[in-house]
Amino acid sequence: MSVCPARSRMARVALAGIACVFLAACERTPEPPPAPPPAVSASARSGPAEITVELDAVDVRTVDRVAVTIIASAVDGAHLTVPEFDPTEAGWTVVSRTDAPILYTDAGPARRARVVLEPFLEGDYEIPPVAVAWSLADGASGEVRSEPLAVSVRSVLTENDSTELAGARPMIQPPAPPNDQPDAAMLALAGGAAVLAITGAAWWLLRRKPGTPPETAADR
């Protein structure tokens, strides 16, 4: 029995499609890249509780933000309160705060919070301590408190940027008022005319013959 070529091609196309779907289903979704390590972290422990504070940056500009991650945990059977953290007194502006629901594990309860801060001016800032209270079923209680962390904030302006105001332009002097007194040029011109007149008179006197009387109408 012969097989139609058209049906054979359709069968091969269908098998190829099924194979592609099977391979796509078998492919694993790539895992997201791991989060970058914190720039600095500090941990403290008190009784059954422990707290860790992480910063994503410690050298920022005035336009940057700092993310603070707070992780508190305790032994099984202990109770943890919401972390107390108020950075506004240290000059920070709180952009956002997210407190995750308390998580109960085999090791004990755990709390996690993320606070995004923003500086106002350049300078040396401090991330104040974070406090978490703990208590046990037998009535014991206490508090675990982290150490403060330092953050340096620099200006967004570079060294090449000029922050000085431009110098004031020189004041335009008003024109001098008209002077009623003759200026030096007029005085020099008048003096020169007088000198010429005196010189001409002297030359005429020298040209006259001595003892010659001036002509009269009768001599003409």
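These values consider heavy atoms only, across backbone and side chains, with no hydrogens, waters or symmetry-generated copies.
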Problem - Atom pair CD/CZ of Glu84 and Arg145 - distance to nearest 0.5 Å - result: 7.5 Å
Exercise for the section: Identify whether Leu121 and Val153 are in the same connected component of the hydrophobic contact network (ILVMFWY, side-chain heavy atoms under 4.5 Å). Expected result: yes
Exercise for the section: Look at the side-chain heavy atoms of Ile, Leu, Val, Met, Phe, Trp and Tyr, link any pair under 4.5 Å apart, and say whether Phe120 and Val116 land in one connected group. Expected result: no
Exercise for the section: Starting at CD of Glu118, measure out to CG of Asp64 and round the result to the nearest 0.5 Å. Expected result: 9.5 Å
Practice task
Specify the closest pair of heavy atoms between Gly91 and Tyr125, including all atoms of both residues, with the distance to one decimal.
Solution key: O-CE2, 3.6 Å
Exercise for the section: Might you confirm whether atom CD of Glu126 has over 12 heavy atoms from other residues, nucleotides or ligands at distances under 6.0 Å? Expected result: yes
Problem - Nearest non-hydrogen partners of Trp134 and Val144, listed with the distance - result: CD1-N, 4.2 Å
Handout entry: Reported CD1-to-CH2 distance for the pair Ile127 and Trp92, which is rounded to 0.5 angstrom
Key = 4.5 Å
Problem - Minimum side-chain heavy-atom gap Thr93-Thr88 below 4.5 Å - result: no
Exercise for the section: Could you tell me which non-hydrogen atom of Asp138 sits nearest to which non-hydrogen atom of Ala140, and how far apart they are? Expected result: OD1-N, 3.1 Å
Problem - Interatomic spacing from OG in Ser41 to CG in Asp56 - rounded to 0.5 Å - result: 12.5 Å
Exercise for the section: Please check if the side chain of Thr62 supplies one atom and the backbone of Glu122 the other of a donor-acceptor pair under 3.5 Å. Expected result: no
Fill in the blank from the handout: The reported gap from CZ in Arg112 to OG1 in Thr52 (rounded to nearest 0.5 angstrom) is 10.0 Å
Practice task
Using side-chain contact (heavy atoms from CB on, under 4.5 Å) as the criterion, list what pairs up with Ser146, not counting sequence neighbours.
Solution key: Ile51, Val53, Pro129, Val130
Practice task
Go through the structure and list residues passing side-chain contact (heavy atoms from CB on, under 4.5 Å) with Asp124, not counting sequence neighbours.
Solution key: Ser152
Handout entry: Side-chain touch Pro128/Asp86, heavy atoms, less than 4.5 angstrom
Key = no
Donor-acceptor pairs under 3.5 angstrom involving side-chain atoms of residues 67-83: please list them, not counting sequence neighbours.
unit_1 : atom_1 : unit_2 : atom_2 : d
Thr81  : OG1    : Ala133 : N      : 3.0
Thr81  : OG1    : Ala133 : O      : 3.4

Handout entry: Minimum heavy-atom distance between Arg65 and Val95, given as atom pair plus value
Key = NH1-CG1, 3.5 Å
Problem - Heavy-atom check, side chain of Val115 versus side chain of Val94, under 4.5 Å - result: yes
Problem - Note, Val132 side chain near Arg111 side chain (heavy atom, < 4.5 Å) - result: no
Problem - Candidate pair Arg154 and Asp59, rule side-chain contact (heavy atoms from CB on, under 4.5 Å), full reasoning - result: CA-CA 8 Å; Arg154 64 184 186 277; Asp59 185 10; 2.9 Å; yes
